[in-house]
Amino acid sequence: MTAAELVVDGLGMQFEGLTALADVTLRVPPGEIHGLIGPNGAGKTTFFNCLTGFYRPTSGAIYLSGQRIDGLPPHVITGLGIARTFQNIRLFANMTVLENVLVGEHQHIAVGGTDILSTRRPTYPPIVERLLVLRGFPRAALNGIIEIAGAVARPPRVRAAEAAAVDRARELLAAVGLRGRENDLARNLPYGDQRRLEIARALGTRPALLLLDEPTAGMNPQEASSMVGLIRRIRDEFATTVILIEHQMRVVMGVCESITVLDYGRKIAEGPPAAIQRNPTVIEAYLGTRAIQGGGHAAP
Amino acid sequence: MPDRVSRLPSTPTDLLRFRWPIFIALCCLIPFVVSDVWVQMLVFVGLFVILGLGLNVVVGFAGLLDLGYVAFFAAGAYTMGLLTSPGSPIDAHLSFWLILPLGILIASLVGLLLGLPVLPLRGDYLAIVTLGFGEIIRLFLINRDDLTRGSQGLSAIPRPELFGYEIDSFTRWYYFIIAAAVAVAFCTARLRDSRIGRAWEAIREDEDVAAAMGVNTTKYKLLAFATGAAIGGLGGVIYASFIGFISPAAFSLQVSIDVLAIVIIGGMGSTPGVIVGSLILIGVPRILQFRETSDLLANFGWLRDALNALLGAIDAVLPGSIGRLPAAETWGARLADDTRFIIFGALLVLVMVLRPSGLWPSSRRRLEFAHDEPPAPVNAP
Amino acid sequence: MHPALTLSVSFWSDQFVNGLTTGSIYALIALGYTMVYGVLKMINFAHGEVFMLGSFAGYGALVVMGGNDLSGPVIALAILGAIIVAMAASVSASVVIERLAYRPLRNAPRLAPLISAIGVSIFLQYLVLEQTSARAKFYPDIFPRGSLSAGPFEITYIQLFLIASSVAMMALLYAIIQRTRLGRAIRAVAENPTNASLMGVDVNRTIVVVFILGAAMAGVAGVLYGLFFQTIRGSMGFIPGIKAFTAAVLGGIGSIPGAMAGGYVLGLAETVGRELLNELPGVSLGNQWRDVIAFTLLVTILIFRPTGIFAQRSTTRA
Ligand SMILES: Nc1ncnc2c1ncn2[C@@H]1O[C@H](COP(=O)(O)OP(=O)(O)O)[C@@H](O)[C@H]1O
Ligand SMILES: [Mg+2]
């Protein structure tokens, strides 16, 4: 896939009474590494959850390379090219390292049967939409039967697809520095490696836009700087756009080409790192929470 | 840590590689050495192995709690009964081999119909809906007596024929059941080791994240549910033909409990676990009813007397606190009866609290529970 | 023209009162489901059996106090005593269950406490069936007969007592949840256990309190059920358990007023609703279909409004 452009227009997200995002408008050009910063609770993770379909935004629109994606279910959005990692690591803890990446590759293992039956956004009231799902049922059922038959009979086509997926998973693991750990259970990896595995798994989905939620949280400076190198390499080798939520200012300033600052769910600033660092509104928002000046360590 | 992995059967010794063929061959020898009652008992065990393997797909692989598994068993059995019993209003004299795929199809359709409204939702609703549905099916079978002849049941259901032989003796049924169980075990093992199996496991681990990796969670939950239902339907068709008579009483909640207990106590996700579970939970209560067993146990009457003396001593200190061991001859009858469910219920709790991987866990689960730390906490995104 | 109902007004008012009566029992049991779900996000499958144990304990108390020989004003005291004994039995059972079968699994995979709960439910149900040789017990027939009527409505004393006492219990519970520190703690834990414990709430204790309150309601429901239907047996918790859970889902699981309303809606749907369906041409649903009605309602609600009929539409779906 080629890197995607992200356009977010007037995005709002409301939880009973609490406004987590308000009128966020943003454009990230293809191939950019974009930083998303802001104090704790500013709505950064919520922003990711909206992009990936975990939450259905209460207002606004999201476009990925021109296609409107808000309102689509998460697995469809993933199929269209958005992948993510999680702030509080959420690996499949009892599966092996290799299997974790294979799940990431799920939609790209050509064993017959697709997961995306429709990319239509819901337009009718929920009740109607729930019934409309039934329309796709015969096709979905056929799909499922084909996939089950393939899994049981395991014809050469399926074997080849599985083998190719395993090869690719090994490549991805090597790319993030996890060669040799393929058969370990994910839960037994050291903390830093778990973050790397999350990235490899996300890359398995072949993203055009990669969302990284605090990938260096809890890492020491050396680990963090090797993560910076990895993020750059990923953007170059895998041709993705990257949005990075990050607290360690050295990381943000070092790797991001452009930065958006959120505070209380609103975008309060946007621009290149140097300008952000000097921006009085941003400094104001961070006052009393933590220093924004370079090198400072933020609480994880 | 790597040495832990090397214990996985991914590097099998030669003997390990042939453990299944050897096991199956040994099973095939059994009828030559035991009497007919034992073979009959093993036919029942085999039937529950099939049902257990089916529920294992739902509960063990995909992590969905289905408490109404009997519904699919009933769907298969009544497909067979209604289409072949002379007492049925729609008796069509169809052959077993035609009804087998039909029963499987109907059971999986019932599964889809039930799963469709519930499976897109998260969480525990499935458990309660299946629990209710299992009861509804039974009510339906009783009350639509114009179709099912209600509690009178359907009788004279014919047996299958294979290569010109009617499958009529216990021994023939035994081999038939083994063949069916092997086929089912093969299919579920292949499914487990495929993209589908990984998707199921991912859903079991963390449904949200599975979706974020591109897995259509609704589709795979439905596939798990329908696969389990299909295997339940297969078991139902075989059961109806084996017993020759079906009535709603045979399709109560207790069947669901039996199968669930087999899967959980044997070891979730594990084929050997299902076999061990069926042998212990279905086989042992029947074995205890055999004359030979109670004769054997009668030899140990002194042991019971000694234990009862001990219990009597406790009772003397704390009157009414404790009962006595009943005579061994009555154990089989009691275990065949409701009493066994008291034990099952307690075992389900004990297994969950003390040994969540079950008696014979899958090699993977054994690995999971080999560590003391709790699984990584799963928080909201 | 408006199609006339074929049955008399008094028939419909009877159905209405019957619906309120069973609805009261569903509502009382539903409270336990909804509160436990609120704090633990788990279906307490054993709750139907907690109700059953309460019913048996109340029965035992009444028999000990004289059973069918009771007469005069003593009856009121005996019933009060039975209710207290039932509440005590249900509460102790529930506390033990929570401690032994649920708490060790607090951090286990989602499936584990669910399976444990179903294990407890099976264990208790068959234990009582075994102890009673699977035979029914009959509550002493001591409640004064007779009825009140107002217009087309006629309500027997026992129905009035049942409805009034369950409404009183629910009002009491509601006051506890809304007005007391205990209630605030429960609401805080239901909202977010981590935050609650950060704010100094003892989460374990609060969870136990939730089990206690739910079990107390179930115990009362057990005695009311026994007094009204008279026949009790070891398996009696199963169907009311599922129905009460349905009621909790109807009202929006986790919501206390929702569970009460859901109980009454379900009670009325089974009686008035079924008879209304029978008014349709070609429909004839006997009493044995009432369980099917409840179940169909559950599935329909889950399809169209998984958040319950009263809840506002949720903004999230993950
Ligand atoms: N599912 C939810 N329900 C209610 N409130 C939420 C939910 N998710 C996030 N919030 C609230 O939205 C705000 C933003 O949270 P978040 O996006 O996690 O912040 P951060 O910028 O630290 O990642 C917080 O106040 C949080 O409590
Ligand atoms: Mg965050």
Side-chain angles (χ1 to χ4, degrees), chain A residues 45 48-49 52-54 73-76 78-79 83-84 86-96 99-100 102-104 106-109 111 113 115-117 130 133-134 137 140-141 143-144 147-148 150-154 158 161-162 165 183-188 194 201-202 204-205 213, chain B residues 1-2 4-6 8 10 108-109 112 116-117 120 183 186-199 201-220 222-224 226-227 230 364-365 367-371 373-381:
Chain A
T45 299
F48 275 13
N49 284 338
T52 52
F54 270 39
H75 68 273
V76 175
T78 304
R84 72 176 293 178
F86 296 86
Q87 179 177 353
N88 45 354
I89 300 172
R90 288 174 77 171
L91 290 168
F92 303 117
N94 295 313
M95 297 173 78
T96 66
E99 286 168 334
N100 266 273
L102 286 172
V103 174
H106 180 84
Q107 288 192 8
H108 301 284
I109 306 178
V111 294
D115 278 45
I116 299 183
L117 294 160
R130 277 186 161 255
V133 171
L134 293 180
F137 185 69
N143 233 300
E147 193 172 340
I148 286 191
V152 170
R154 218 180 264 175
V158 169
E162 279 280 336
N183 293 322
D184 289 2
L185 286 189
R187 57 167 14 186
N188 295 341
Q194 292 198 359
R201 183 177 68 174
T205 69
D213 198 343
Chain B
M1 254 171 284
R4 224 183 261 295
V5 171
S6 62
L8 275 173
S10 55
S108 48
L109 282 181
L112 283 178
L116 213 52
F186 174 80
C187 291
T188 59
R190 277 283 171 96
L191 285 173
R192 184 195 57 211
D193 297 334
S194 70
R195 179 176 91 144
I196 304 178
R198 276 194 305 271
E201 210 173 339
I203 291 170
R204 197 191 72 204
E205 288 278 311
D206 190 330
E207 197 173 326
D208 290 332
V209 179
M213 294 306 131
V215 175
N216 184 342
T217 52
T218 305
K219 169 183 156 185
Y220 284 96
L222 275 172
L223 280 185
T227 306
R364 165 60 58 72
R365 289 292 173 98
L367 210 61
E368 279 171 35
F369 290 106
H371 296 261
E373 322 98 286
V378 176
N379 300 316

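Annotation: maximal heavy-atom pairing with chain B below 4.5 Å, among A:V158, A:N143, A:T52, A:V103, occurs at A:V103. Heavy-atom pairs under 4.5 Å with chain A peak, among B:T217, B:T188, B:L191, B:T218, at B:L191.
For B:S108, the side chain to side chain contact (heavy atoms under 4.5 Å, CB included) partners are B:A226, B:A230, not counting sequence neighbours. Applying the side chain to side chain contact (heavy atoms under 4.5 Å, CB included) criterion to A:A161, with sequence neighbours excluded, gives A:I109, A:V111.
Closest heavy-atom contact between B:G214 and A:D115: O-OD2, 3.4 Å. Closest approach of B:L223 and A:G144 over heavy atoms only: CD2-CA, 3.7 Å. Taking each heavy atom of A:T78 and B:M213 in turn, the nearest pair found is CG2-C, 3.7 Å. Here the closest non-hydrogen pair linking B:V209 and A:F92 is CG1-CZ, 3.8 Å. Summarising the geometry of B:A212 relative to A:F86, their closest heavy-atom pair is CB-CZ, 4.2 Å, with the distance given to 0.1 Å.
Atoms CE and CG, on A:M95 and B:D206 in that order, are 11.5 Å from each other to the nearest 0.5 Å. The distance from atom CZ of B:R195 to atom NE2 of A:H106, rounded to the nearest 0.5 Å, is 4.0 Å. Between the CG atom of B:D208 and the CZ atom of A:R90 there is a distance of 5.0 Å, given to the nearest 0.5 Å.
Taking 4.5 Å as the limit, some side-chain heavy atom of B:R190 sits within range of a side-chain heavy atom of A:R154.
Using a 4.5 Å cut-off between heavy atoms, A:Q107 touches chain B through backbone and side chain atoms alike. For a residue to count as touching a neighbouring chain, one of its non-hydrogen atoms must lie under 4.5 Å from one of that chain's; by this rule B:T227 touches chain A with the side chain only.
Without hydrogens or angle criteria, B:E205 side chain to A:A93 main chain gives a donor-acceptor distance under 3.5 Å.
Counting only N and O atoms by type, the side chains of A:H75 and B:Y220 include no donor and acceptor under 3.5 Å apart.
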